[in-house]
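Predicted model only: the values in this text are computed from it and were never measured. Order of listing sets the numbers, starting from 1, for every ligand and every atom in it.
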Amino acid sequence: MTSESELNTIERDLAERLRNQLAEVVGSTQVLTEQDMVAGYVTDWTGAWSGWTRAVVRPGTVVEVQQVVSLCRDAGVPIVTQGGNTGLVGGSVPHRGEVVLSLRRLTRLDPVDTISGQVTAGAGVTIAALRDHVRRSGFDYGVDLASRDSATIGGTIATNAGGIRVIANGDTRRQVLGLEVVLADGTVISRLAGIEKDSAGFDLSQLFVGSEGTLGVITSARLRLAPLIGGERHVVLLGVSHPSQGLELRGPRVTALEFLSHSCLAIVSAHLGRRLPTTGEHPYYVLVESSRLPQLDPNADAVVDERLWEFREAITESLSTQGVPHKFDVGVPLARLDEFVGEVELLDGDVFVFGHLAEGNCHVNVLGPTDYETVADQVLGLVVDHGGTVASEHGIGVAKGRWLFHTTSPAERAAIRRIKHALDPQGILNPAVTFAPEE
Ligand code: 2HG
Ligand code: ZN
């Protein structure tokens with residue numbers, strides 16, 4: 001089914017009634033239905049994932065979120081919760097008419113609790129806005145990524161986003177002390193007190209981290225903050241023959257450790273209209289950021305310049321000028337990294353590999369005529385062979401569900417299904433995303 005026109009008359013009348021009820025809750029200007037108004041919500045950033053929606057709803061308060069969820073549940077209409085829509089696995093766009101619950105208006109940003117080094121933020125606050133806010137109080141947010149100006153707190157929690165600071169601060173899960181979540185039945189659970197250590201039963205909040213909108217709607221978060229590191233930061237780009245060579249640079253002063261293949265550096269340099277920053281060409285490059293200049297081999301081909309970040313951060317954008325790449329965000333054990341990257345680069349098509357070296361997190365982008373499923377079988381097959389994960393920091397979305405067959409056991413999948421059913425018995429929350437493919 002590709003659009004509302006394929007619904008029968010009764011379904012269309014029900015959709016119309018639901019839209020009117022939603023408008024009563026959030027106001028008619030916050031229910032979007034016109035094609036040009038919903039366009040930015042129904043297709044992802046890359047253009048790879050797209051669907052249609054009965055309506056985009058933009059609630060401004062938690063109570064409105066509760067009411068929207070309850071109305072959709074009563075109407076039996078599924079919901080896709082959306083933040084900045086920067087996801088890359090099709091998990092934040094509607095596929096078959098789901099209502100898009102956009103949380104961008106939930107921009108609550110409490111004063112920083114300087115005693116505990118914590119803050120409470122609404123799901124719609126962007127990473128950049130949060131960072132600017134907490135920096136004014138001498139703190140930093142531990143997660144940072146290239147899409148910081150659009151990616152939201154809610155979306156990054158729902159996908160357990162990683163980014164460039166995991167080596168120093170851990171992933172998003174590590175920053176979350178508690179959440180406020182609207183459940184599928186319209187009730188709210190709230191853990192925003194910021195208790196640093198709590199052994200009173202299940203940590204329910206953590207269940208929602210990485211759940212991609214399938215278990216509840218995250219509306220606010222209590223977040224742990226990182227210290228704001230002042231002083232100079234040295235950024236070095238180093239040519240290497242294998243990515244793992246960069247692992248020798250790890251240390252307490254390192255705040256980022258990234259790698260990219262030559263194909264990535266070449267395409268970014270061309271896109272930015274710059275020369276290659278290193279003296280020579282190398283199979284791979286490592287970008288390290290540290291508060292102390294790393295000790296390098298005197299023969300190393302290395303450049304030191306803070307502006308080198310541009311070459312790393314512009315990779316996604318540069319690739320998208322060449323077409324719509326098949327994207328695979330995967331992770332492999334560090335001991336298998338070189339072998340995996342070498343094998344993946346030999347696959348058909350133009351292969352670009354880059355990522356977050358310290359975690360073995362590789363972003364494999366493939367351009368070429370081969371269809372997604374065929375390339376997925378090849379790339380994810382290699383990941384499984386090397387004992388890795390098919391989703392390191394972007395989530396599963398609709399892109400990788402079936403691959404969980406290879407990385408989870410039947411018992412695990414059965415337990416996941418029971419949790420999903422307990423929290424969302426009608427299956428209205430992001431139904432296109434599944435972590436437990438049917439046997
Ligand atoms: C990054 O690390 C993002 O830059 C995007 O996770 C990865 O475009 C991609 O494949
Ligand atoms: Zn990444």
For ligand 1, is any non-hydrogen atom under 4.0 Å from Asn365's backbone (N, CA, C, O), its side chain (CB onward), both, or neither?
-> side chain
May I ask you to list the atoms of ligand 1 that are less than 4.0 angstrom from any heavy atom of Glu393?
-> 2 (O), 6 (O)
Identify the protein heavy atom lying closest to atom 2 (O) of ligand 1, giving its residue, its atom name and the separation to 0.1 Å.
-> Arg312 NH2, 2.7 Å
Hey, are Lys327 and Asp329 close enough for a salt bridge, meaning a charged N less than 4.0 Å from a carboxylate O?
-> no
So, are Asp171 and Arg173 salt-bridged, with charged N and O less than 4.0 Å apart?
-> no
Nearest protein heavy atom to atom 5 (C) of ligand 1, by residue and atom, and its distance?
-> Thr316 OG1, 3.5 Å
The Zn ion (ligand 2) as vertex, arms to NE2 of His363 and NE2 of His356: angle to 10°?
-> 100°
Just say parallel, tilted or perpendicular for the rings of His262 and Tyr285, cut-offs at 30° and 60°.
-> tilted
What is the closest protein heavy atom to atom 6 (O) of ligand 1, and at what distance does it sit?
-> His394 NE2, 2.7 Å
Restricting Glu393 to its N/O/S atoms, the closest one to the Zn ion (ligand 2) is OE2
Exactly one of Arg165, Arg224, Arg135 clears salt bridge (charged side-chain N to carboxylate O under 4.0 Å, His left out) with Asp140, and that residue is Arg135
Assert yes or no for the condition that the ring centre distance of Phe328 to Trp403 is strictly below 6.0 Å.
-> no
